[in-house]
Amino acid sequence: MRFAVLAGPLAILAVASGCKAAALPESAACAGVPHMALKGRVTDTADILSAEEEAQLSERLARYEQRTSHQMVVATVPALNDVRVDNFGTCLGNRWGIGRKDQDDGIVILVAPNDRQMHIATGSGMEKTLTDDKALAVIHQMTPHFKGGDYAVGFSTGIDAIAVQTGDTP
């Protein structure tokens, strides 16, 4: 009988705890962000890169991860669905688990060509190394290539610039 008396309050606590976990910022910040499968180091749902370009970028990102232990991915989406670009990139990085869990050192380079927006999202473990100002400088280096329609060179330029900022050389 004692177990039955305790079971009710424990069940209520378990359900209440589950509700709190479900109401984390992810749900609010990621409203409107579609659930996309991570397709490797380059997830090109906007279809702006050739298979060869994706492979070259993936190889570069693999070398970066091998040299630094930091994980960086490239993601493209056709449009942002009225979601702020910074929330979109952060949401993808969190959902996909980019970076080492204990270091939170992931980097997501996100481009939405139809909305003409891009963002570099960093895990909290990278924020001191790759500050918002440094990320913006990288975006400024990438932008001329994107305006010219050369996304592969733009991404390569960005990856190399981030690598230099975070302890790797191209």
Side-chain angles (χ1 to χ4, degrees), residues 29-30 32-101 103-170:
C30 296
V33 177
H35 286 274
M36 302 168 30
L38 178 65
K39 296 179 182 174
R41 290 182 171 88
V42 178
T43 300
D44 181 23
T45 62
D47 200 28
I48 58 175
L49 299 167
S50 70
E52 182 180 330
E53 291 167 336
E54 284 185 39
Q56 289 172 348
L57 291 171
S58 291
E59 288 173 18
R60 174 62 180 107
L61 291 166
R63 284 193 313 275
Y64 171 79
E65 185 173 350
Q66 182 181 28
R67 292 176 183 167
T68 66
S69 297
H70 306 307
Q71 190 174 37
M72 181 177 3
V73 298
V74 167
T76 71
V77 295
L80 297 169
N81 304 328
D82 296 321
V83 176
R84 288 179 22 178
V85 68
D86 56 334
N87 287 346
F88 205 111
T90 299
C91 182
L92 289 180
N94 288 337
R95 284 181 183 169
W96 291 342
I98 305 303
R100 294 173 290 179
K101 187 175 183 177
Q103 301 289 319
D104 197 13
D105 61 348
I107 302 167
V108 176
I109 303 173
L110 172 67
V111 172
N114 294 348
D115 291 335
R116 300 180 68 187
Q117 292 194 43
M118 71 177 104
H119 183 71
I120 298 172
T122 59
S124 61
M126 290 299 291
E127 289 175 349
K128 289 181 182 175
T129 306
L130 185 60
T131 64
D132 289 344
D133 288 340
K134 289 178 181 178
L136 184 59
V138 171
I139 287 172
H140 288 305
Q141 292 176 35
M142 297 167 66
T143 301
H145 301 288
F146 291 165
K147 284 182 178 178
D150 198 345
Y151 290 99
V153 172
F155 283 123
S156 183
T157 298
I159 292 165
D160 288 346
I162 290 169
V164 168
Q165 296 291 331
T166 58
D168 187 21
T169 55

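For reference, positions follow the sequence shown, starting with 1. Atoms considered below: every heavy atom in the structure, side chains included; atoms not considered: hydrogens, waters and symmetry mates.
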Arg63/Asp168 ion pair, N-O < 4.0 Å: no
Pair Lys39 + Glu54: basic N to acidic O under 4.0 Å: no
Nearest 0.5 Å, what's the [atom1]-[atom2] distance between [X] and [Y]?
X: Tyr64; Y: Ile159; atom1: OH; atom2: CD1; result: 10.0 Å
X: Thr90; Y: Ile98; atom1: OG1; atom2: CD1; result: 12.0 Å
X: Ile139; Y: Phe146; atom1: CD1; atom2: CZ; result: 9.0 Å
X: Thr143; Y: Met118; atom1: OG1; atom2: CE; result: 3.5 Å
X: Trp96; Y: Gln71; atom1: CH2; atom2: CD; result: 11.0 Å
X: Leu61; Y: Gln56; atom1: CG; atom2: CD; result: 12.0 Å

State, to 0.1 Å, how close [X] and [Y] come at their nearest heavy-atom pair, and which atoms those are.
X: Met142; Y: Gly154; value: CG-O, 3.3 Å
X: Gly89; Y: Ala121; value: C-CB, 3.7 Å
X: Pro78; Y: Ala46; value: N-CB, 3.7 Å
X: Ala37; Y: Thr43; value: O-CG2, 3.6 Å
X: Val83; Y: Ala29; value: CG1-O, 4.3 Å
X: Leu80; Y: Leu110; value: CD2-CD2, 4.3 Å

Side chain to side chain donor-acceptor pair (under 3.5 Å) against Asp132, all qualifying residues, sequence neighbours excluded: none
Partners meeting side chain to side chain donor-acceptor pair (under 3.5 Å) with Ser58 (sequence neighbours left out): none
Chi angles and distances behind the side-chain hydrogen bond (donor to acceptor under 3.5 Å, both in side chains) call for Asp105, His70: CA-CA 6 Å; Asp105 61 348; His70 306 307; 2.8 Å; yes
Derivation and outcome, side chain to side chain contact (heavy atoms under 4.5 Å, CB included), residues Thr157 and Val153: CA-CA 6 Å; Thr157 298; Val153 172; 4.0 Å; yes
Derivation and outcome, side chain to side chain contact (heavy atoms under 4.5 Å, CB included), residues Cys30 and Asn87: CA-CA 7 Å; Cys30 296; Asn87 287 346; over 6 Å; no
Do [X] and [Y] make a side-chain contact, defined as non-hydrogen atoms from C-beta onward lying under 4.5 Å apart?
X: Ser69; Y: Arg100; answer: yes
X: Ile120; Y: Lys134; answer: no
X: Val77; Y: Val33; answer: no

Derivation of the side chain to side chain contact (heavy atoms under 4.5 Å, CB included) call for Ile109 and Ile162: CA-CA 10 Å; Ile109 303 173; Ile162 290 169; 3.8 Å; yes
Check against side chain to side chain contact (heavy atoms under 4.5 Å, CB included), Phe155 and Thr76: CA-CA 11 Å; Phe155 283 123; Thr76 71; 3.7 Å; yes
Asp82 atom CG: more than 12 heavy-atom contacts under 6.0 Å: no
Side chains of His119 and Asp86, donor plus acceptor under 3.5 Å: no
side-chain contact (heavy atoms from CB on, under 4.5 Å) partners of Glu127, counting only residues at least two apart: Thr122, Ser124
